[in-house]
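To start, the structure under review is shown below, and the notes come after it.
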Amino acid sequence: MISETDMKIYDIVRQIPAGKVAAYGTVAELAGNRRWAQAVGNALHRNPLPFSLENDNSSDMLIPCHRVVNAKGRLAVNFAAGGIQAQTVLLERENVHVVQNSVDLELYAWHPAEE
DNA sequence: AACATGACATAAG
DNA sequence: CCTTATGCCATGT
């Protein structure tokens, strides 16, 4: 069963454009409450559809969770599908350079207002 | 209801 | 940079 909060969270994450990343806290805030950061991580961890490798993103439930990093740009060590390595590959695939398991937020941080 | 856990954030040492 | 400690919220036992 997907809760209201999860819906909001997934909805926000789905809006992150390719080539950009958003922090858990940012997603939480956009979803409605700044303090859901931890919950966002949990929600994504048990996320039903993590991402689509080569799929054409035809499904509305696709959630690009690899574009979500922590406040310092660090990747998720316990990334559900394949760990941090998988997340790295997915990001690199979108031209988001990953160095030392981190990304440069100055370059890739997603700013919703600029959509 | 109580307690433990987690893909977090922030502050402090 | 790293480790602790504290606070948050949602879940699972």
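Side chains are part of it too, since the values below use all heavy atoms of this structure and drop only hydrogens, waters and symmetry mates. Letters A, B, ... mirror the listed sequences (proteins, then strands); counts begin at 1.
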Take atom CH2 of A/Trp36 and atom C1' of C/dG7, then tell me their distance rounded to the nearest Å.
-> 17 Å

Exercise answer: donor-acceptor pairs, residues 32-40 of chain A side-chain atoms, under 3.5 Å, sequence neighbours excluded:
| from | atom 1 | to | atom 2 | distance (Å) |
| --- | --- | --- | --- | --- |
| A/Asn33 | OD1 | A/Arg35 | N | 3.0 |
| A/Asn33 | OD1 | A/Arg35 | NH1 | 3.3 |
| A/Arg34 | NH2 | A/Glu29 | OE1 | 3.0 |

Would you list the protein and nucleotides 4-6 of chain C atom pairs, both N or O, that sit under 3.5 Å from each other?
none

Take nucleotides 8-13 of chain B nucleotide by nucleotide from the 5' end and write B, S or -, depending on whether a protein heavy atom sits under 4.0 Å from the base, only from the sugar-phosphate, or from neither.
-> BSB---

Do you know the tightest heavy-atom contact between A/Asp104 and A/Glu106?
-> OD1-N, 2.8 Å

Using distance only, find each side-chain donor-acceptor pair of residues 69-81 of chain A under 3.5 Å and give its atom names and separation, not counting sequence neighbours.
| from | atom 1 | to | atom 2 | distance (Å) |
| --- | --- | --- | --- | --- |
| A/Asn70 | OD1 | A/Lys72 | N | 2.9 |
| A/Asn70 | OD1 | A/Gly73 | N | 3.1 |
| A/Asn70 | OD1 | A/Arg74 | N | 2.8 |
| A/Arg74 | NH1 | A/Gln100 | O | 3.4 |
| A/Arg74 | NH1 | A/Asn101 | O | 3.4 |

Strand contacts (DNA chain B) in residues 96-103 of chain A, 4.0 angstrom heavy-atom criterion | none

A/Leu44 atom CG is separated from C/dA10 atom P, nearest whole Å, by 14 Å

Round to a whole Å and report the spacing from CG of A/Asp6 to C1' of C/dC9.
-> 11 Å

For the pair made of CD1 in A/Ile9 and C1' in B/dG6, what is the distance, rounded to whole Å?
-> 13 Å

Is any side-chain heavy atom of A/Tyr10 less than 4.5 Å from a side-chain heavy atom of A/Leu44?
-> yes

Where DNA chain B forms stems, i.e. three or more consecutive Watson-Crick or G-U pairs with both distances under 3.5 Å = B:2-6 with C:9-13, B:8-13 with C:2-7

